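What follows is a set of notes on a single structure, which appears directly below.
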Amino acid sequence: MGMIVKTSYRVRNGQTASFLADFSVIATATRAAPACQWIYVVEDEENETIEVMSCWHSEAGFDDHLRWRIETSRWRELETKYIEGEPDIKIMPVMFRFD
């Protein structure tokens, strides 16, 4: 039935606006992936993180995206420039869907 992926990023102080501007290019490319149904980017002020939620048709489709991301130098540059530590990734299988 698909899955939701939640990725939490801790962005360096004072870099959130620049990160979001650069990340929007990556988010657009992610959404263009055939297996991606939607992607949302939100700020969790309480935890001081940027949360990216995406919905995927299949785990295989998400794996294809991860391979693309690993091969993309722009993504590595973004992580090096803006991200503190490792992102926290949670994969959650979809149990029900109501439209």
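Only a predicted model underlies this, so the values are computations on that prediction, with no experimental measurement involved.
Distance check: Ser54 OG to Ile91 CD1 gives 9.0 Å after rounding to the nearest 0.5 Å.
Ring geometry for Phe19 against Tyr9 counts as tilted: the plane angle lies between 30° and 60°, on a 0 to 90° scale.
Listed by first then second residue, pairs satisfying salt bridge (charged side-chain N to carboxylate O under 4.0 Å, His left out) with a partner in residues 66-85 read Asp64-Arg67, not counting sequence neighbours.
The only option from Thr7, Val11, Ile83 that meets the side chain to side chain contact (heavy atoms under 4.5 Å, CB included) definition with Ile50 turns out to be Val11.
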Counting only pairs under 3.5 Å, give me each side-chain donor-acceptor contact of residues 21-41, with atom names and distances, residues two or more places apart or in other chains.
from: Asp22; atom 1: OD2; to: Tyr82; atom 2: OH; distance (Å): 2.7
from: Ser24; atom 1: OG; to: Ala21; atom 2: O; distance (Å): 2.7
from: Thr28; atom 1: OG1; to: Ser24; atom 2: O; distance (Å): 2.8
from: Thr30; atom 1: OG1; to: Ile26; atom 2: O; distance (Å): 2.9
from: Arg31; atom 1: NE; to: Gln37; atom 2: O; distance (Å): 3.2
from: Arg31; atom 1: NH1; to: Cys36; atom 2: O; distance (Å): 2.6
from: Arg31; atom 1: NH2; to: Gln37; atom 2: O; distance (Å): 3.2
from: Gln37; atom 1: OE1; to: Arg97; atom 2: NH1; distance (Å): 2.6
from: Gln37; atom 1: NE2; to: His57; atom 2: ND1; distance (Å): 3.0

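Asn47 meets the side chain to side chain donor-acceptor pair (under 3.5 Å) test with Asp44; sequence neighbours excluded. Qualifying side-chain contact (heavy atoms from CB on, under 4.5 Å) partners for Glu48, counting only residues two or more places apart in sequence or in other chains: Arg10. For the side-chain contact (heavy atoms from CB on, under 4.5 Å) test, no residue two or more places apart in sequence or in another chain qualifies with Asn13. The salt bridge (charged side-chain N to carboxylate O under 4.0 Å, His left out) check on Asp63 picks up nothing, with sequence neighbours excluded. Under the side chain to side chain donor-acceptor pair (under 3.5 Å) criterion, Ser8 pairs with Glu51, sequence neighbours left out.
In the hydrophobic clustering, Phe98 connects to Met95, Phe96, either directly or through intervening members, whenever side-chain heavy atoms lie under 4.5 Å apart. Side-chain heavy-atom separations under 4.5 angstrom define the hydrophobic clusters, and Ile70 shares its cluster with no other residue.
At most 12 non-hydrogen atoms from other residues, nucleotides or ligands lie less than 6.0 angstrom from CD of Glu59.
Between the side chain of Thr72 and the main chain of Trp75, no donor-acceptor pair closer than 3.5 Å is present.
Contact check for Met53 versus Val5: no side-chain heavy atoms found under the 4.5 Å cut-off.
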